[in-house]
Amino acid sequence: MAAWGELLAGVRGVLLDISGVLYDGGEGGGEPIAGSVEAVARLKRSPLKVRFCTNESQKSRGDLVGLLRRLGFDISEGEVTAPAPATCLILKERGLRPHLLVHDGVRSEFDQIDTSNPNCVVIADAGESFSYHNMNKAFQVLMELENPVLLSLGKGRYYKETSGLLLDVGPYMKALEYACGIEAEVVGKPSPEFFKSALQEMGVEAHQAVMIGDDIVGDVGGAQRCGMRALQVRTGKYRPSDEHHPEVKADGYVDNLAEAVDLLLQHTDK
């Protein structure tokens, strides 16, 4: 256990992924992962600062928080860093008018954004809206632009619901990149700017923070590139092969969030 003490020394803040760490989505909204509700409560009773950092792009931040509260989590909208609000800020700052290829559940986040005469495309996890017609329309918008801009809410390959693994936005983003000969700008994990925004909102430096997630590339790799430590849980989209990833190795592996919180509270400075 001495290794954990060394690993977790100086931690002041904890970034938590949501899907696959707190809960698995699915029919009826999904279900909490065993022990995760109490684990979050224990963290929030501790001196550690806590922030939730998600790539969720099928629900508005308000709807996501509402679901998590119904599942028993102590969480408020102001504690969540999510890609849709961050994307809206970028659109406003740069005068971009998006063609939206997004899930109906997150469309309300863009209500204050001008979508007339689009000069960019915003793509998110659109679920069943990833039809040929809708993908082709996004392709056509990009191809008609002199300087095409594609903003993607995350780049995950897949995620886990109670029914099994599901394709995420990444494969569709890659299809548009390939077809148009462009590179998407990712808003969300593993973007360094996204992690830095979460750290700033939490009020800690990267070397004082630890990320806990289920995605070896998006959560672990992204956090480590920003100077954070990162733990991978063996829940959600975790696969045993993640522990032998050719490029990314977590600072530690834990069975679930409850185990991670046990270690944090045992070994971080009192």
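Among all heavy-atom pairs drawn from L142 and V149, the shortest one is CD2-O, 3.5 Å. Counting all heavy atoms, side chain and backbone alike, L165 lies closest to R239 at CD1-NH1, 3.8 Å. Nearest heavy-atom pair across A124 and V102 is CB-CG1, 3.8 Å. Across every non-hydrogen atom of M211 and C53, the tightest pair is CE-O, 4.3 Å. The two residues E109 and R61 have their closest heavy-atom pair at OE2-N, 2.8 Å. Nearest heavy-atom pair, E247 versus H245, reported as atom, atom and distance to 0.1 Å: N-ND1, 3.0 Å.
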* To do: I would like to know whether K44 and D74 meet salt bridge (charged side-chain N to carboxylate O under 4.0 Å, His left out); could you show each step before the answer?
  => CA-CA 8 Å; K44 297 188 80 171; D74 175 12; 3.6 Å; yes

* Residues E201, T81; criterion side chain to side chain contact (heavy atoms under 4.5 Å, CB included); working and verdict -> CA-CA 8 Å; E201 289 161 334; T81 301; 2.6 Å; yes

* **Check against side chain to side chain contact (heavy atoms under 4.5 Å, CB included), L22 and F52** => CA-CA 10 Å; L22 272 57; F52 303 88; 3.8 Å; yes

* Under the side chain to side chain contact (heavy atoms under 4.5 Å, CB included) criterion, do I216 and S241 qualify, and how do the steps go? -> CA-CA 10 Å; I216 188 65; S241 59; over 6 Å; no

* Go through D104 and R107 one step at a time and tell me if the salt bridge (charged side-chain N to carboxylate O under 4.0 Å, His left out) criterion holds. => CA-CA 5 Å; D104 286 345; R107 195 169 289 272; 3.7 Å; yes

* Could you go step by step and tell me if R69 and E77 meet the salt bridge (charged side-chain N to carboxylate O under 4.0 Å, His left out) rule? -> CA-CA 10 Å; R69 291 182 68 86; E77 196 168 335; over 6 Å; no

* Asked: Where do D262 and R42 land on the side chain to side chain contact (heavy atoms under 4.5 Å, CB included) test, with the steps shown first?
  -> CA-CA 9 Å; D262 284 344; R42 291 177 66 205; 2.5 Å; yes

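Looking only at atom types and distance, the side chain of Y159 has a donor-acceptor partner in the side chain of D125 under 3.5 Å away. No side-chain N or O of E31 forms a donor-acceptor pair with one of T162 less than 3.5 Å apart.
Taking the salt bridge (Lys or Arg N to Asp or Glu O under 4.0 Å) definition, one finds that E205 meets it with nothing, sequence neighbours left out.
Both L153 and I90 belong to a common hydrophobic cluster when Ile, Leu, Val, Met, Phe, Trp and Tyr are linked at side-chain heavy-atom distances under 4.5 angstrom. By the rule that hydrophobic residues join a cluster once side-chain heavy atoms approach within less than 4.5 Å of another member, V217 and V233 end up as members of separate clusters. V14 and I33 are members of different hydrophobic clusters when ILVMFWY side chains are connected at heavy-atom separations under 4.5 Å. Under the 4.5 Å side-chain contact rule for hydrophobic residues, V220 and Y238 do not share a cluster. Linking Ile, Leu, Val, Met, Phe, Trp and Tyr residues whenever their side-chain heavy atoms come within less than 4.5 Å leaves V186 and V122 in two separate clusters.
The pair K49-E79 does not meet the salt-bridge criterion, since no charged nitrogen lies less than 4.0 angstrom from a carboxylate oxygen. The residues E177 and K174 are annotated as salt-bridged, a charged nitrogen and a carboxylate oxygen being separated by less than 4.0 angstrom.
The main-chain N or O of M173 is never found under 3.5 Å from a side-chain atom of K155 such that the two would form a donor-acceptor pair. No donor-acceptor pair closer than 3.5 Å links the side chain of E161 to the backbone N or O of D24. One N or O on the side chain of Q224 and one on the backbone of K249 form a donor-acceptor pair closer than 3.5 Å. In terms of modelled atom types and a separation under 3.5 Å, the side chain of T87 and the main chain of P83 share a donor-acceptor contact. Panel note: side chain K189, backbone G222; no donor-acceptor pair is recorded below 3.5 Å. A distance-only check finds no donor-acceptor pair linking the side chain of Q208 to the backbone of V204 [under 3.5 Å]. Distance alone, capped at 3.5 Å, is enough to place a donor-acceptor pair between the N119 side chain and the R97 backbone. Of the possible polar contacts, one joining the R229 side chain to the L7 backbone as a donor-acceptor pair under 3.5 Å is found. Between the side chain of N256 and the backbone N or O of A258 there is at least one donor-acceptor pair closer than 3.5 Å. No donor-acceptor distance shorter than 3.5 angstrom exists from the side chain of E185 to the backbone of V187, with no hydrogens or angles considered.
Screening V80, I212, D219 for a side chain to side chain contact (heavy atoms under 4.5 Å, CB included) with L16, the sole residue that qualifies is I212.
The line from CE of M228 to CG of L199 is 4.5 Å long, rounded to the nearest 0.5 Å. Note that CG of D215 and CG of D242 are 7.5 Å apart. Values are rounded to the nearest 0.5 Å.
When the shell of 6.0 Å around CZ of R157 is examined, it contains 12 or fewer heavy atoms from other residues, nucleotides or ligands.
Here ring pair (Phe, Tyr, Trp, His ring centres under 6.0 Å) pairs that include residues 171-226, with residues two or more places apart or in two chains, are F130-Y172.
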